Protein chains: 2
Amino acid sequence: MSDFASTEQRLAVTCRRYPDFPRRPATLVRLIKHIHKLLHDDANLTLKPYGLNHPQYNLLMMLYGSASGTMSPSELADAAGEKSANITRLTNELCEKGLIARSGSADDRRKIELSLTSQGQALLESLLPDICTLLAKQGRHLTVSEQSQLEKLLKKFLSGLAD
Amino acid sequence: MSDFASTEQRLAVTCRRYPDFPRRPATLVRLIKHIHKLLHDDANLTLKPYGLNHPQYNLLMMLYGSASGTMSPSELADAAGEKSANITRLTNELCEKGLIARSGSADDRRKIELSLTSQGQALLESLLPDICTLLAKQGRHLTVSEQSQLEKLLKKFLSGLAD
DNA sequence: TATATATATTATATAAATGTACTATTTTTG
DNA sequence: CAAAAATAGTACATTTATATAATATATATA
């Protein structure tokens with residue numbers, strides 16, 4: 001068990017010392033932080049044998065899931081939640097490995113189109129079985145209906161975050 | 001609205017290209033990543049006027065919530081989900097600002113005890129109103145019962161992550 | 001056309017996070 | 001008791017991430 005009990009203990013003390021502290025939202029925030037860290041570390045562990053880290057994998061998956069097969073750097077930054085300065089570095093790394101390709105856009109020549117190379121797609125599909133196993137394992141304590149319910153509640157929570 | 005719709009669109013394409021992809025858990029993972037980022041950025045924005053960043057604030061809050069008022073660096077690392085190497089840097093920063101204090105432990109002389117200074121406690125209590133406002137705002141789209149339900153499901157999800 | 005806006009990149013500095021190796025102290029155990 | 005093992009902490013190097021400003025180019029618009 002991931003020891004969230006000690007976190008709850010600390011929240012109890014905090015509320016005793018500062019009664020206005022909004023315990024429920026604070027608990028949610030700490031749970032999400034805690035879960036995020038575990039997910040991130042797990043993913044990095046799974047990806048390491050393939051020479052990728054989590055952000056790089058994410059970029060590849062954004063491209064894999066794009067309808068057209070291409071995305072501009074700014075679209076990619078938006079999709080992956082990375083700052084644009086980071087995208088240049090990350091896409092450079094992926095280009096150097098031959099996993100993605102850059103090409104100028106025909107309709108707007110300010111833009112660059114990024115796409116998976118066949119090598120990138122092959123790498124992705126070689127590691128997807130491991131990722132699928134990981135994802136299935138991560139969700140294993142929840143029934144399908146609980147997963148749906150959780151998804152619904154998280155979306156509602158998310159809707160309150162976007163000013 | 002935080003545009004999660006485009007993420008779902010990409011997941012749909014991904015599942016079409018790779019039918020074994022576990023869509024539900026993957027959706028949960030991406031939601032959590034997305035939410036975590038917004039929470040993290042929001043917190044940093046709120047804390048900036050006080051000269052703190054999110055990790056530093058977290059450390060102060062761990063101490064504020066500790067029953068004894070002191071924690072060893074390794075306890076703090078564990079509580080805050082930071083690697084021990086990071087804790088040295090962060091606690092140095094907080095020490096230099098006079099917000100926390102170091103002192104040797106009496107019972108185990110390998111240990112060091114970290115505690116909030118009165119200055120640290122004062123800073124914390126000066127910013128807590130803003131944090132409380134933020135937390136309340138972040139949870140505003142969920143009823144109390146939905147918050148409880150979400151908390152319950154997140155804990156169950158978490159229980160599946162700790163190998 | 002002149003001006004403003006959008007896109008991408010580069011350069012630079014800084015901050016944040018991690019990994020590894022090392023020291024000191026305490027505890028274990030042979 | 002002495003040697004080995006465990007624990008806690010730190011120091012250093014490296015990697016990763018962010019912030020900012022500057023540049024180049026393309027597009028939009030007044």
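Keep in mind the model is a prediction, meaning the values are calculated, not measured. The chains referred to below are lettered A, B, ... by the order of the sequence lines, with proteins before strands, and numbering in each begins at 1.
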Distance (rounded to the nearest 0.5 Å) between A:Asp42 CG and B:Leu161 CG: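 One finds 6.5 Å between CG of A:Asp42 and CG of B:Leu161.
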
Spatial distance of atom NZ (B:Lys33) from atom CG (A:Leu39) [nearest 0.5 Å]: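 Going from the NZ atom of B:Lys33 to the CG atom of A:Leu39 covers 11.0 Å.
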
From [atom1] of [X] over to [atom2] of [N], roughly how many Å is that when rounded to an integer?
X        : N      : atom1 : atom2 : result
A:Leu76  : C:dT9  : CG    : P     : 11 Å
A:Asp41  : D:dT16 : CG    : C1'   : 14 Å
B:Glu113 : D:dA8  : CD    : P     : 13 Å
A:Arg109 : D:dA24 : CZ    : C1'   : 14 Å
A:His40  : D:dT16 : NE2   : P     : 10 Å
A:Leu45  : C:dT18 : CG    : P     : 13 Å
B:Ile87  : C:dT18 : CD1   : C1'   : 13 Å
B:Lys48  : D:dT18 : NZ    : P     : 13 Å

Give a yes/no answer on whether the side chain of [X] brings an N or O atom under 4.0 Å of OP1 or OP2 in [N].
X       : N      : result
B:Asn86 : C:dA16 : no
A:Arg89 : D:dT16 : no
B:Ser84 : D:dG9  : no

Exercise: do B:Asn86 and B:Arg89 side chains pair donor with acceptor under 3.5 Å: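 Note: B:Asn86 and B:Arg89 side chains meet the donor-acceptor criterion.
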
Pair assignment for D:dA30, Watson-Crick or G-U wobble, requiring both distances under 3.5 Å: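 Result: C:dT1.
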
Within residues 63-75 of chain A, residues whose heavy atoms come under 4.0 Å of DNA chain D: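 Heavy-atom cutoff 4.0 Å gives no residues at all.
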
Contacting residues from residues 91-103 of chain A, given that a heavy atom lies under 4.0 angstrom of DNA chain D: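 Residues of residues 91-103 of chain A under 4.0 Å from DNA chain D: none.
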
Salt-bridge present (A:Lys97, A:Glu93; N to O < 4.0 Å):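 Here A:Lys97 does not pair with A:Glu93 in a salt bridge, since their nearest N and O are not under 4.0 Å apart.
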
Touch class at under 4.0 angstrom, heavy-atom based, for B:Ile112 against every strand present: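 Result for B:Ile112 = sugar-phosphate.
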
Touch class at under 4.0 angstrom, heavy-atom based, for B:Arg110 against every strand present: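 Touches a base.
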
Pairwise side-chain contact, B:Leu94 with B:Leu114, heavy-atom cut-off 4.5 Å (strictly under):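 No. Closest side-chain heavy atoms not under 4.5 Å.
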
Among A:Lys152, A:Arg24, A:Lys156, A:Lys155, salt bridge (Lys or Arg N to Asp or Glu O under 4.0 Å) partner for B:Glu146: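 Only match with B:Glu146 under salt bridge (Lys or Arg N to Asp or Glu O under 4.0 Å): A:Lys156.
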
Plane angle bin for A:His36 and A:His40 - parallel if under 30°, tilted between 30 and 60°, otherwise perpendicular: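 Aromatic pair A:His40/A:His36 classed parallel.
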
From CA spacing to verdict: side chain to side chain contact (heavy atoms under 4.5 Å, CB included), A:Leu47, A:Ile131: CA-CA 8 Å; A:Leu47 293 166; A:Ile131 289 289; 4.0 Å; yes

Whichever of A:Asp108 and A:Pro55 has its nearest DNA chain D nucleotide further upstream toward 5':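 That would be A:Pro55.
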
Side chain of B:Lys111 - closest among C:dA17, D:dA8, D:dT18: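 Selected nucleotide: D:dA8.
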
Verify same cluster id: A:Leu76, B:Leu11 (apolar side-chain graph, 4.5 Å):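 Looking at the clustering, B:Leu11 is in the same group as A:Leu76.
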
Closest-nucleotide ordering on DNA chain C, the 5'-leading residue of B:Ala85 and A:Ala85: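 The 5'-side residue here is A:Ala85.
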
Distance under 6.0 Å and angle within 45° of ring axis: A:Arg30 vs A:Phe4: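 Not flagged: A:Arg30 not positioned over aromatic ring of A:Phe4.
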
